[in-house]
Amino acid sequence: MSPTASYRSTQRYVDDTNVLVTDFVGSTGRARLIDSFSVARGRGARLLAPDHEILRVLEGVEGEMGLSFVFAPRRELGTRPIPLERFKPFGIRCSQKGGLLLLRTSLPAQALELEGARARGRFRLRAGERVIFSLTYNAEAPGVVPPLGEAALERLRETEAYWRQWASRARYQGPYERLVRRSALALKLLCFAPSGAVIAAPTTSLPETRGGSRNWDYRYCWLRDAAFTTRALTRLGYLDESAAYLGWLLHSTRLTWPRLQTLYSVYGGPSAPERVVPELSGYAGSRPVRVGNAASHQHQLDVYGEVIDAFSELLPHLGRVDGETRKMLTGFARTLAERWPEPDHGIWEIRGEPAQYTHSKVMAWAGLERFASISLRCGWRASFDAREEAKRIREAIEREGFNPTLPSYVQSFGGRALDASLLTLPLTRYCSPSDARFEATRSAVVSALAAPGLLIRRYAPGSDGLEGTEGAFALCNFWLAEGLALAGRPVEALRWFRAVVDRLNPLGLAPEELDPREPPPAGTFPSERAAGSGAYLGNYPQGFSHVGLINSACEISRALASARVSGRRSA
Amino acid sequence: MNVGSALLWGFSATVVLTTMLSGARALGLTRIDIPFMLGTLFTSDRDRAKWAGFLFHFLNGWLFAFVYVAAFESTGYRSALFGMAIGAVHAAFVLIVAMGLLPAFHPRMASETHGPDPTRLLEPPGFLALNYGRGTPTATFAAHLIYGALLGFFYRGG
């Protein structure tokens, strides 16, 4: 959908909703396009409605504007067109995966031209006029054909009200409140409602370098990312979503228990075979485009720790813990106790030989420590001593994961390379944020991995064995900021926090990585900025980055509050 | 008429018919969900409609068995083949007559002459219920043929 003559456009969300507004400004007039996925609330959720609906309302704001649209649905990653047919008097339909995809519009039928697998139209819109488009999907028949007109506007109002109500539940007060709520709303869109799974990002193969080969499929549920997400949502008070994830986790890992895979499908399937799609040229010519993810079969020790840690955060909000959950967690902890000395592929899923990654060992320590605390709280007895094993891991980390000549903790045992994942040590409560060894590590990591513009890379360029370079990893800035806030240094924390936040696009959605060569755009809040800074790299929007934003904002807010209290006391 | 046999095999044939249509839906041959379509005659609550429609459909299948049995008894002839012939007529009636009339009496169904409104917003079936997928006539015929065949083969007259 776009104006037929030259135009400028800006995008924003309606405040505290996932309803998107695109403003078109042309030489003869202005128009506003409002996009939403219809959501019904309360009793309305059970009433007749299509399985899914994308509702687009186009409004003439000023003057007059010519607009055109194309509807050309495709399957198999856009490589196969789907034949369309008229469905009088309802609109244009096609069959997709056995279901009915139906496009309806309030434009007169003759405004739509149909040519095989493509429908198109042109029309003029004056100030005060409105055109509605509804794209619905129904898996079963009879499908529900939602009416247009006032009924459609009511669905839009209902959807806005749903999101506002959801966003209002966020328990956060502090700097960047709107942005924290935006992050929560973005995370909610990554939750797959039918199963409770949380995907890492909704895209595949958006490149980590433009034109490069670091293109991965993130449309899966990484246990690590999902555990981080759960923790952030729990922190903001969204306990339903956290509990839903836990339910999904216990269900989906049943097939592989007590072994945990790195990632699963949203339905809990353990298989994600990776293949290249040669027909697609990729974003900005970045080949190959991949579907599936070979990391699913990597051994990643930290995943066990993340899952147990996420559960321990949720535990105070849960009622009784049932026997099945106890069995699952005990199995994960036992696996950790048995397998922690093994090398793995680490948090960054490096596709080379497995190594003894320090971060993985720290998470193994965290998992066993949390399990010991949970056992104590719930009165469980295990056949192994989790705390004793955690102590052994700590000894190994202190002996082999710290290089006194640097001096710093290091990426892998016995090595000299630095890694931004080490910034999580105080976040996992492995050490105090002002611990001398950690303070030295933080300084070393910052001086080794900070890129221009106060952005942090996850590791030194080229150390992952892949060709080409990549951007700075947004989450690493948030880890650094959270650690500084924990250490009672909120002003410094805000500096690193802002380095990423100031680069967010007008929608406030975060990518996986940022190109440090691109300067931050002007404007204090994302919605005030011009779009298309070109700084975004990797799959988008990235749950990991939004989780980091929420967690660091919460910690900065807490640190600022205690600084104010101690300031008042000393005054 | 052997009421006990009619009840038993009417029940069994309905189970098979319902399973076949659900299976055809799962295989992507058709989208038709007869229980949902029938249930929405009574309620606009999606969950309740599914349950009510399922019961109504099941009861229908059971009662229709007596029509088949009456045909067996009155002709004095019963076989799987004869049951299938009745099933074919039954399916043709459902697809051509009942589906055609449905938008006229279904309180929540839109029609092809009047677009949807906030009350009548269910997709109409169209000729041979083809709006619900090209495989709908085939799946419906197959299910009714098997329904008739089971009754014709297993029903024992009184």
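Residue numbers begin at 1 in each chain, while the letters A, B, ... track the order of the sequences. For the numbers below, each heavy atom of this structure counts, side chains included, while hydrogens, waters and symmetry mates do not. Because the structure is predicted, anything quoted here is derived from the model rather than measured.
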E53(A) with R155(A): basic N within carboxylate O range, under 4.0 Å = yes

query = Using 4.0 Å as the upper bound for N to carboxylate O, is an ion pair formed by R157(A) and E154(A)?
reply = yes

inquiry  = Atom CZ of residue position F42(B) - does it have more than 12 heavy atoms of other residues, nucleotides or ligands inside 6.0 Å?
reply    = yes

With chain A as the partner, which of [options] has the greatest number of non-hydrogen pairs under 4.5 Å?
options: T40(B), N131(B), D117(B); value: N131(B)
options: P118(B), A129(B), G28(B); value: P118(B)
options: G133(B), P116(B), A49(B), G126(B); value: P116(B)

inquiry  = Classify the ring geometry of F69(A) against F123(A): parallel below 30°, tilted from 30° to 60°, perpendicular beyond 60°.
reply    = tilted

ask   = Hey, what's the ring geometry for F72(B) with Y68(B), parallel, tilted or perpendicular (30° and 60° as the breaks)?
value = perpendicular

task = State which residue, out of V145(A), V144(A), L100(A), fulfils the side-chain contact (heavy atoms from CB on, under 4.5 Å) condition with P50(A).
result = V144(A)

Which bit of [X] is near chain A, if near means a heavy-atom gap under 4.5 Å: side chain, backbone, both or neither?
X: P125(B); answer: neither
X: S111(B); answer: backbone
X: R120(B); answer: neither

key: A151(A) portion near chain B, given a 4.5 angstrom heavy-atom threshold   = side chain

